[in-house]
Protein chains: 2
Amino acid sequence: MTMRERAQRYSAAQRRVIDAALDLFAEQGVGGTSLQMIADAIGVTKAAIYYQFRTKEEIVIAVAEVELQRLEVALEAAEAEGSSAEARDTLLRRVVEVAVERRGAVRTIQSDPVIIRFLAEHEPFQQLIVRLFTVLVGDNPGPAARVRAAVLTAAIGGAVAHPFVTDLDDETLKAELLRVTRRLVLLPG
Amino acid sequence: MTMRERAQRYSAAQRRVIDAALDLFAEQGVGGTSLQMIADAIGVTKAAIYYQFRTKEEIVIAVAEVELQRLEVALEAAEAEGSSAEARDTLLRRVVEVAVERRGAVRTIQSDPVIIRFLAEHEPFQQLIVRLFTVLVGDNPGPAARVRAAVLTAAIGGAVAHPFVTDLDDETLKAELLRVTRRLVLLPG
DNA sequence: GTCTATAGAATGATAGAC
DNA sequence: GTCTATCATTCTATAGAC
């Protein structure tokens, strides 16, 4: 099952939990967020949360899936163009758009230690990463290409939530970020 | 008091707490790390931890200070060269070196939601950031320069701990990372 | 400086009424 | 689907002996 298919299975009530959890994760971290906090944010009791998700871990995975689903949609658009330089540019443009529009969430998903651990053991996520890097730097990249790929993803994910750009509007940030990251991708091997 | 001066005040016993805390923060996040875990890692009791630090918050700040002290040393070396292009390159080279050598710690400090919150309210840290960006992009940068600065710091901090480069040795990673980030700094306006 | 013991609150999770 | 009530566990933090 793809990330997108998984993400679409969540009900409206589960979505409310996911949305509230994401906000709290961004502020307090996953470890610092209790089920009680999530329940209070929605205005229900802890037991109501447990009706929607069996464990806290399932909430963490659901939060990640819903966000990464947007990344998968961007990836599919790029893969449809093959593996050309145009496909790479399409991917970059789409990823930058998604990252800017979901500024707060992106950084949380990409940097919270607890989420990183869960995702590292999460099969659908690993497949997504492999597909992403295949489009970006090909099948069997050397050290230079791997560093470039790491820089690229870290740059996009980290920069959109950076204090220095919080007051920039989405369009300005998208344009500037795309300009800078394009140079990174186009760097010679 | 500068960050460096603060960091040097910690005793050997406090250092042991700080070192153990840093490892646990990287694995479990700050919110997911209890004083009991830190005590167990060192082989002492919780009360012994409380003798060294009055609260958990003080441990978090101490961990950040000890790491950021390295950044401050790099910054001082660059400031000694004025605000030329050479000073910028010196800063970049030193920051990349420190980041690679302290791979694990860098990402934790830069991305854990709890640490980010503490640092945002921590005066010595704010001064450090202002100095850092002054050398990097000057005094009153426009949107383009700010995005570039955000990309640069996010890229370095995020890339060194990225799964795609974990098996690269320090020297290779330093050289490649410096090559890529130099292009970022040297980008026109 | 390190220990035991403990207070008081909050945690994840479950059972069962409505 | 949401509630109250409750479980065992863990948490931060403190007091006081050695």
Side-chain angles (χ1 to χ4, degrees), chain A residues 8-66 108 112-119 121-122, chain B residues 8-66 108 112-119 121-122:
Chain A
Q8 284 166 351
R9 289 183 313 168
Y10 296 114
S11 68
Q14 285 176 317
R15 287 277 177 171
R16 280 193 290 274
V17 175
I18 291 169
D19 288 346
L22 177 59
D23 286 345
L24 288 163
F25 290 169
E27 288 167 32
Q28 323 275 351
V30 174
T33 301
S34 68
L35 296 178
Q36 185 66 244
M37 288 163 138
I38 297 172
D40 289 348
I42 310 177
V44 299
T45 64
K46 227 177 1 170
I49 305 290
Y50 272 102
Y51 179 78
Q52 305 296 344
F53 295 94
R54 277 173 47 199
T55 63
K56 184 181 176 181
E57 186 168 326
E58 279 190 14
I59 299 176
V60 174
I61 291 172
V63 165
E65 275 174 349
V66 168
T108 304
D112 190 289
V114 181
I115 295 186
I116 289 174
R117 286 195 118 195
F118 280 173
L119 288 184
E121 302 157 5
H122 193 59
Chain B
Q8 283 165 352
R9 290 182 312 167
Y10 297 114
S11 69
Q14 285 176 316
R15 288 276 177 171
R16 282 192 288 273
V17 175
I18 291 169
D19 289 345
L22 178 58
D23 286 345
L24 288 163
F25 290 170
E27 288 167 33
Q28 323 277 349
V30 175
T33 301
S34 69
L35 297 180
Q36 185 68 67
M37 289 163 135
I38 298 173
D40 290 347
I42 310 176
V44 299
T45 62
K46 229 178 353 177
I49 304 290
Y50 272 102
Y51 178 80
Q52 304 296 346
F53 295 94
R54 279 173 48 201
T55 63
K56 183 180 176 181
E57 185 167 330
E58 278 190 16
I59 299 176
V60 174
I61 290 172
V63 166
E65 274 173 349
V66 167
T108 303
D112 191 288
V114 180
I115 296 186
I116 289 175
R117 284 195 120 196
F118 281 172
L119 289 183
E121 302 157 4
H122 193 58

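Computed from a predicted structure; not experimentally measured. First the proteins, then the strands, lettered A, B, ... as listed; each starts at 1.
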Trainee: Using every non-hydrogen atom in the two residues, find where I115(B) and V60(B) come nearest and quote the distance to one decimal.
Mentor: CG1-CG1, 3.9 Å
Trainee: Respond yes when some side-chain nitrogen or oxygen of Y51(B) is under 4.0 Å from OP1 or OP2 of dG1(C), and no when none is.
Mentor: yes
Trainee: Can you build the contact string for nucleotides 11-18 of chain D? Use B for base contact, S for sugar-phosphate-only contact, and - for no protein heavy atom under 4.0 Å.
Mentor: SBBBB---
Trainee: Please check if the number of heavy atoms outside R9(B) that lie under 6.0 Å from its CZ is greater than 12.
Mentor: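 Yes.
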Trainee: With heavy-atom distances below 4.5 Å as the criterion, would you say the side chains of D112(A) and F25(A) are in contact?
Mentor: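 Side chain of D112(A) against side chain of F25(A), heavy atoms only: no contact under 4.5 Å found.
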Trainee: Determine whether I49(A) and I59(A) satisfy the following criterion, side-chain contact (heavy atoms from CB on, under 4.5 Å), listing intermediate values before the conclusion.
Mentor: CA-CA 9 Å; I49(A) 305 290; I59(A) 299 176; 3.8 Å; yes
Trainee: Given atom CD of Q14(B) and atom P of dT2(C), what is their separation to the nearest angstrom?
Mentor: 11 Å
Trainee: Using five base pairs at each end to define the local axes, how bent is the helix from dG1(C)-dC18(D) to dC18(C)-dG1(D), to the nearest 10°?
Mentor: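 Computed from the C1' atoms at both ends, the axes differ by 10°.
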Trainee: Which residue is it: I61(B), V30(B), V114(B)? I am looking for the one with a side-chain contact (heavy atoms from CB on, under 4.5 Å) to K56(B).
Mentor: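 Of the listed options, the one satisfying the test is V30(B).
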Trainee: How many Å lie between CD1 on I49(A) and P on dT11(C), as a whole number?
Mentor: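 Those two atoms, CD1 and P, are 13 Å apart.
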Trainee: How about I18(A) and E65(A): do any of their side-chain heavy atoms sit closer than 4.5 Å?
Mentor: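 Sidechains of E65(A) and I18(A): no contact.
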Trainee: Check for a donor-acceptor pair, side chain of Q14(B) on one end and backbone N or O of Q52(B) on the other, with a separation under 3.5 Å.
Mentor: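 Indeed, once roles are kept as given, a pair shorter than 3.5 Å links the two residues.
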Trainee: Does any part of the side chain of Y50(A), heavy atoms only, come nearer than 4.5 Å to the side chain of L35(A), both counted from C-beta?
Mentor: yes
Trainee: For dC3(D), does either OP1 or OP2 sit under 4.0 Å from a side-chain N or O belonging to T45(A)?
Mentor: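 Affirmative; the distance criterion is met.
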Trainee: To the nearest Å, give me how far apart CD1 (I42(A)) and P (dT2(D)) are.
Mentor: 9 Å
